[in-house]
Protein chains: 2
Amino acid sequence: MPRLAPALRRDAIITATVEVMLRKGMAATTVRDVAERMGSSSGLIHHYFASMDDLLAAAFERAAQQDLTGTREALARSAGAVEQLGTFFATYARAEQDWAFQLWLDAWAEAGRRPAVRRTSQRLNVAWQQLLVQIVRCGVREGAMTCGDPEGAAWRILSLLDGLALQTVAHPGTVDRFAVVSWSVALAERELGLQAGTLVR
Amino acid sequence: MPRLAPALRRDAIITATVEVMLRKGMAATTVRDVAERMGSSSGLIHHYFASMDDLLAAAFERAAQQDLTGTREALARSAGAVEQLGTFFATYARAEQDWAFQLWLDAWAEAGRRPAVRRTSQRLNVAWQQLLVQIVRCGVREGAMTCGDPEGAAWRILSLLDGLALQTVAHPGTVDRFAVVSWSVALAERELGLQAGTLVR
DNA sequence: GGCCTTGTTGGACGCATGCGCAATAACCTC
DNA sequence: GAGGTTATTGCGCATGCGTCCAACAAGGCC
């Protein structure tokens with residue numbers, strides 16, 4: 001294994017860990033798996049991460065942040081707050097994002113045993129909520145939405161989407177995903193004083 | 001350890017496993033833990049359960065079924081479909097039921113690695129949905145609710161409640177549970193053509 | 001009371017895990 | 001090119017896991 005600058009190596013380890021995590025799940029990811037994926041020794045990983053907890057947390061952070069910034073960029077390309085909200089829902093509806101749901105599910109379950117993972121997942125969850133709050137606040141300022149409690153509304157909508165994600169991941173095929181998404185969109189429209197059908201393109 | 005009839009011993013093992021599971025989580029539950037809890041040897045457990053997967057599935061089934069029948073009994077004590085639906089939501093709102101949410105979360109996460117647990121959780125999930133379907137069908141027949149798609153409505157409401165459960169378990173303190181419950185109740189009321197406030201006592 | 005079925009024991013086995021550490025080798029500086 | 005810094009190795013250690021099995025003992029049956 002060629003010698004690498006600390007920052008680059010650390011980065012490479014995280015990348016490899018994310019790949020393993022997506023394939024085998026967070027709980028089944030081991031130091032040896034990551035080392036094999038990188039083609040390096042297992043000792044190297046512990047040279048950069050004090051514990052498995054830290055490594056998994058860092059890897060989860062990477063994956064979730066990527067998702068978050070991807071959504072942020074998509075939002076930036078949208079004109080008004082209403083269109084942004086539509087984009088937000090469309091992101092959740094994408095079938096290719098099942099891996100993200102599975103990852104969040106893993107993180108929630110591991111949170112009980114791994115402090116670092118718990119802290120990271122809580123932080124990122126709040127980040128998603130704040131993203132929604134921002135959109136709603138923007139919509140209210142534009143006069144396109146009405147909402148007395150943006151913080152609360154964001155939590156409610158997020159809970160709704162999480163439940164949807166849970167059902168589709170845990171019981172694929174049983175639930176009609178599209179139907180549940182449209183429903184949640186309709187609910188959000190009513191919650192925010194939007195006309196029905198505004199968010200669907 | 002006194003000799004016991006197979007059915008009773010099997011029952012005792014499941015009981016002990018549930019207790020350990022509630023305390024340490026499903027993923028952290030080991031054969032030795034269960035044996036120690038029972039005050040027996042570890043070999044005894046494998047005399048009744050072919051694998052750890054089977055044992056965990058049986059224990060999860062026990063806990064979830066208990067919850068299910070408990071709710072069924074509460075529903076039986078309620079008069080009409082509307083009151084039954086109110087009872088259904090009240091069950092979810094109870095703070096003492098956090099252990100149930102945590103257990104479901106564990107089951108969903110373990111499902112990827114443990115076939116028996118997966119089958120059990122899917123079966124019980126459908127059972128909960130059917131319970132809701134029954135209530136809605138009943139309500140429509142009584143003329144108290146309007147719903148064109150009881151099956152779909154049940155899945156949507158269940159997703160909503162699951163999301164709520166997820167947020168409150170994964171991020172205790174961050175989300176105002178009562179606010180989210182009331183919201184989901186209000187949503188269900190609208191979904192089923194009920195007057196606002198009907199389900200809240 | 002002897003026998004035989006069967007619930008029960010408790011440790012052994014093999015495997016996998018996270019982690020630590022002395023040795024090695026690559027790179028940089030002078 | 002010598003020397004020192006440090007990224008990297010790869011094996012060893014302790015621990016924990018699920019599973020298995022030969023031995024043991026407690027009943028029931030005749």
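We name chains A, B, ... by the order of the sequence lines, and we start the count at 1 in each one. Remember, it's a predicted structure, so these values are computed and weren't measured experimentally.
Of the two residues contacting DNA chain D, namely B:Ser42 and B:Pro2, the nearest-nucleotide position lying further toward the 5' end is that of B:Ser42. Each of B:Met1 and A:Gly43 lies near DNA chain C, and the nucleotide nearest B:Met1 is the one positioned closer to the 5' end.
Among residues two or more places apart in sequence or in another chain, the salt bridge (Lys or Arg N to Asp or Glu O under 4.0 Å) test is passed with A:Asp33 by A:Lys24.
Taking side-chain N and O atoms only, B:Ser41 has no distance below 4.0 Å to OP1 or OP2 of C:dG10.
Straight-line distance from the CD1 atom of B:Ile45 to the P atom of C:dG11: 15 Å, rounded to whole Å. Rounded to an integer number of Å, the gap from A:Asp54 CG to C:dG18 P is 13 Å. Rounded to an integer number of Å, the gap from CG of B:Leu44 to P of C:dT6 is 16 Å. A:Arg113 places its CZ atom 15 Å from the P atom of C:dT17, with the value rounded to the nearest Å. Spacing between atom CG of B:Leu8 and atom P of D:dA26 amounts to 19 Å, rounded to whole angstrom units. Atom-to-atom, NE2 of B:His47 to P of C:dG7 comes out at 6 Å; the value is rounded to the nearest Å.
For the 3.5 Å distance criterion, the side chains of A:Gln84 and A:Gln134 fail to qualify, holding no donor opposite an acceptor.
The pair A:Arg118-A:Glu110 fails the salt-bridge criterion, with no side-chain N (NZ, NE, NH1 or NH2) lying under 4.0 Å from an Asp/Glu carboxylate O. Look at A:Arg62 and A:Asp11 and you find a salt bridge, because one of the NZ, NE, NH1 or NH2 atoms lies within 4.0 Å of a carboxylate O, short of that distance.
Residue side chain A:Arg3 reaches the base of D:dT6 through a donor-acceptor N/O pair under 3.5 Å, judged by distance alone.
At a threshold of 4.0 angstrom between heavy atoms, the contacts of A:Ser40 are confined to the sugar-phosphate backbone, with no base atom among them. Here A:Tyr48 lies in heavy-atom contact (under 4.0 Å) with sugar-phosphate atoms only.
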B:Gln129/B:Asn125 under side-chain hydrogen bond (donor to acceptor under 3.5 Å, both in side chains): CA gap, chis, key distance, verdict
CA-CA 6 Å; B:Gln129 184 246 3; B:Asn125 202 48; over 6 Å; no
Polar pairs (N or O, both sides) under 3.5 Å between protein and nucleotides 16-18 of chain D?
{"residue": "D:dG18", "atom": "OP2", "partner": "B:Val31", "partner atom": "N", "Å": "3.1"}
{"residue": "D:dG18", "atom": "N7", "partner": "B:Arg32", "partner atom": "NH1", "Å": "3.0"}
{"residue": "D:dG18", "atom": "O6", "partner": "B:Arg32", "partner atom": "NH2", "Å": "2.9"}

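Heavy atoms from other residues, nucleotides or ligands lying under 6.0 Å from CD of B:Gln130 number more than 12.
Side chain of A:Arg137 to main chain of A:Pro150: no donor-acceptor pair is present (N/O by atom type, distance under 3.5 Å, no hydrogens or angles).
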